[in-house]
Amino acid sequence: MIVKPKFRDFICVTAHPEGCRKNVLEQIDYVEKFKLSGGFKKVLIIGASTGYGLSSRIVSTFGYKASTIGIIFEKQASGNRTGTAGWYNTAAFEQEALNKGYYSKTINGDAFSKEIKDKTIELIKKDFGKVDIVIYSIASPKRKDPLTGKISYSALKPIEKAYKNKTVNFHTFKVSNVEIEPASEDEIEQTVNVMGGQDWKLWIDALMNEKVLEQGATTIAYSYIGPEITYPIYRQGTIGKAKENLEATSLQLDQKLKAINGKAFISVNKALVTQSSSAIPVVPLYVSVLDKVMKEKNIQEGCIEQMCRLFSKINSGNLQLDEKNRIRLDDMEMRKDVQEEVCNIWDRITTENITNLTNIKEFQRDFFKLFGFEYSDIDYEKDTNVDVDMINMI
Ligand code: NAD
């Protein structure tokens, strides 16, 4: 099939298998340059197919030579549809892990369900005995509660007051003002149900009850804070309420894990281009300014650089958590000089000057790359096999 990008709203509904493979190989190359060692050896990654979860899995395997079980929710190709990017990423990851002799297995299904939790525990018992680290990296628009069957949807809205700010259509580079009405109480509650800590807690409870966590096991979930520009839509908005809940859950889990000398904490990561962050109004414009400022200061990081930094902190035993039980990997994003420069640019952006003042072109290219497009050494006019099998899938 000849595969080109196709969009529904802002979502790309096609993915190129060879490009996705390249994305994975580039991350592996990056990790293998370092001589990493030590620490955890049996890793469970929940949400392992794209973004921060995929990079966590790559660092664990190709950096720390750990065995991994990844939980993903992806689709393989069928009829005239390509597979999803996460499917192709994971297929490429599994193939490389096999080639280099690393244990890895993938479970494809709804991580929010009891069925997938049970399946995972069964696999851990069979192949690992116990795991020593659990990474929780889910970003989802909806969640079915496994006890009540109720489906909640996450909303990306401000709370109490409408929010007005600049935003960009990153396909046309048109800058406009967006006004988003505040969320209802029900929308806030549903967003917390999806992106808060409920499911993370269900996972850790289930893993502990079944005694498949090693003595001293660690669990981490990812969060975001961000700058004042995005506060109303992010940290003080519906998603921010969910992140507050996730962070409060880390404290509860930390207490609970003391029974096995374990630890739970949050990693506050930096803003960057992923499938999830691209869907949040205003965030793509902010990321394209941030990217320019951080590259000019030579301090830009992507998912793989962030995850290398996170795992080296964990393995060094020098976590340096803030007062809220969080590692701050957003330290460089939030630096005063960086944020002052972002604000200075922000106020001046218009449709006419956006390509000069920001890295919007790079944002667009990075977005396409998430789906395997825009790699200069791939001929996108050529037929490619979209029916990629996944080895090691349970
Ligand atoms: P992403 O969209 O790239 O990845 C989400 C992952 O969740 C994918 O692997 C997907 O398959 C998986 N997933 C979604 N629903 C699932 C389900 N029901 N069952 C199993 N797997 C499921 O997102 P991301 O940006 O990497 O986000 C991961 C975490 O990092 C989120 O908590 C997010 O808030 C946080 N974070 C993101 C940013 C950013 O800028 N992207 C910054 C800081 C923190």
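Residue numbers count from 1 along this sequence. Atoms within a ligand are numbered from 1 in the order they appear, just like the ligands themselves.
Atoms of ligand 1 lying under 4.0 Å from at least one heavy atom of G109, given by number and element, are 19 (N), 20 (C). For ligand 1, the atoms lying closer than 4.0 Å to a non-hydrogen atom of A271 are 40 (O). For ligand 1, the atoms lying closer than 4.0 Å to a non-hydrogen atom of A48 are 9 (O). Of all atoms in ligand 1, listed by their number and element, those nearer than 4.0 Å to a heavy atom of A111 are 17 (C), 18 (N), 19 (N), 20 (C). Near T50, meaning under 4.0 Å from any of its heavy atoms, are these atoms of ligand 1: 1 (P), 2 (O), 3 (O), 4 (O), 5 (C), 8 (C), 9 (O). Ligand-side atoms of ligand 1 in range of K243: 31 (C), 32 (O), 33 (C), 34 (O), range being under 4.0 angstrom from any heavy atom. Annotation for ligand 1: atoms under 4.0 Å from non-hydrogen atoms of F112 are 18 (N). Residue G51 approaches ligand 1 through these ligand atoms, each under 4.0 Å from one of its heavy atoms: 3 (O), 26 (O).
Looking only at protein heavy atoms, the nearest one to atom 28 (C) of ligand 1 is S137 OG, 3.2 Å. Residue, atom and distance of the protein heavy atom nearest to atom 38 (C) of ligand 1 are Y52 CE1, 3.6 Å. Of the protein's heavy atoms, S140 CB, 3.6 Å lies nearest to atom 15 (N) of ligand 1. For atom 27 (O) of ligand 1, the nearest non-hydrogen atom of the protein is A139 CB, 3.8 Å. Nearest protein neighbour of atom 42 (C) of ligand 1, counting heavy atoms only, is K270 O, 3.2 Å. Ranking protein heavy atoms by distance to atom 22 (C) of ligand 1, first place goes to I138 CD1, 3.5 Å. Shortest contact from atom 23 (O) of ligand 1 to any protein heavy atom: S276 OG, 3.1 Å. Of all protein heavy atoms, the one closest to atom 9 (O) of ligand 1 is S49 OG, 2.6 Å.
Counting only non-hydrogen atoms, the option in N89, I45, D110 that gets closest to atom 18 (N) of ligand 1 is D110. Distances from atom 30 (O) of ligand 1 to the heavy atoms of Y224, F73, Y222, Y136 put Y222 nearest.
With a 4.0 Å heavy-atom cut-off, ligand 1 is reached by the side chain of S277 but not by its N, CA, C or O. Using a 4.0 Å cut-off between heavy atoms, T274 contacts ligand 1 through its side chain alone, with no backbone atom that close.
Ion pairing between D331 and K270 fails under the 4.0 Å rule for side-chain N and carboxylate O. K41 has no carboxylate O lying under 4.0 Å from a charged side-chain N of D132, or vice versa, which leaves the two without a salt bridge. A salt bridge links E96 with R21: the closest approach of a Lys/Arg side-chain nitrogen to an acidic carboxylate oxygen falls below 4.0 angstrom. Between K126 and E122, none of the side-chain N atoms (NZ, or NE/NH1/NH2) sits under 4.0 Å from a carboxylate O, so this pair counts as no salt bridge. Salt-bridge check for D330 with R328: passed, with a basic side-chain N closer than 4.0 Å to an acidic carboxylate O.
Between Y222 and Y136, the ring centre distance reaches or exceeds 6.0 Å. Aromatic ring centres of F311 and F40 lie closer together than 6.0 Å. A ring-centre distance under 6.0 Å is found for F128 and Y103. Between H16 and Y380, the distance from one ring center to the other falls under 6.0 angstrom. Aromatic pair F368/F7: centroids less than 6.0 angstrom apart.
Inclusion of S223 in the set of residues having an N or O under 3.5 Å from an N or O of ligand 1 is not warranted. Between Q275 and ligand 1, no N or O atom pair is found at a separation short of 3.5 Å. In terms of N/O distances under 3.5 Å, ligand 1 is approached by L272.
Using a 4.0 angstrom heavy-atom cutoff, G86 does not count as in contact with ligand 1. For the pair R143 and ligand 1, no heavy-atom separation below 4.0 Å is found.
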Exercise. For D29 and K33, what are the C-alpha separation, side-chain angles and deciding distance, and is it a salt bridge (Lys or Arg N to Asp or Glu O under 4.0 Å)?
Worked result: CA-CA 7 Å; D29 277 354; K33 285 199 193 94; over 6 Å; no
Exercise. Would K42 and D127 satisfy salt bridge (Lys or Arg N to Asp or Glu O under 4.0 Å), going step by step from the backbone distance to the final call?
Worked result: CA-CA 10 Å; K42 290 172 286 180; D127 286 4; over 6 Å; no
Problem set entry | Stepwise ring pair (Phe, Tyr, Trp, His ring centres under 6.0 Å) check, F73 with F112 | CA-CA 10 Å; F73 200 26; F112 298 137; 8.2 Å; no
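Counting heavy-atom neighbours within 6.0 Å of E228 CD, excluding the residue itself, gives a total of 12 or less.
Taking hydrophobic clusters as Ile, Leu, Val, Met, Phe, Trp and Tyr residues chained together by side-chain heavy-atom distances below 4.5 Å, L310 does not share a cluster with L44.
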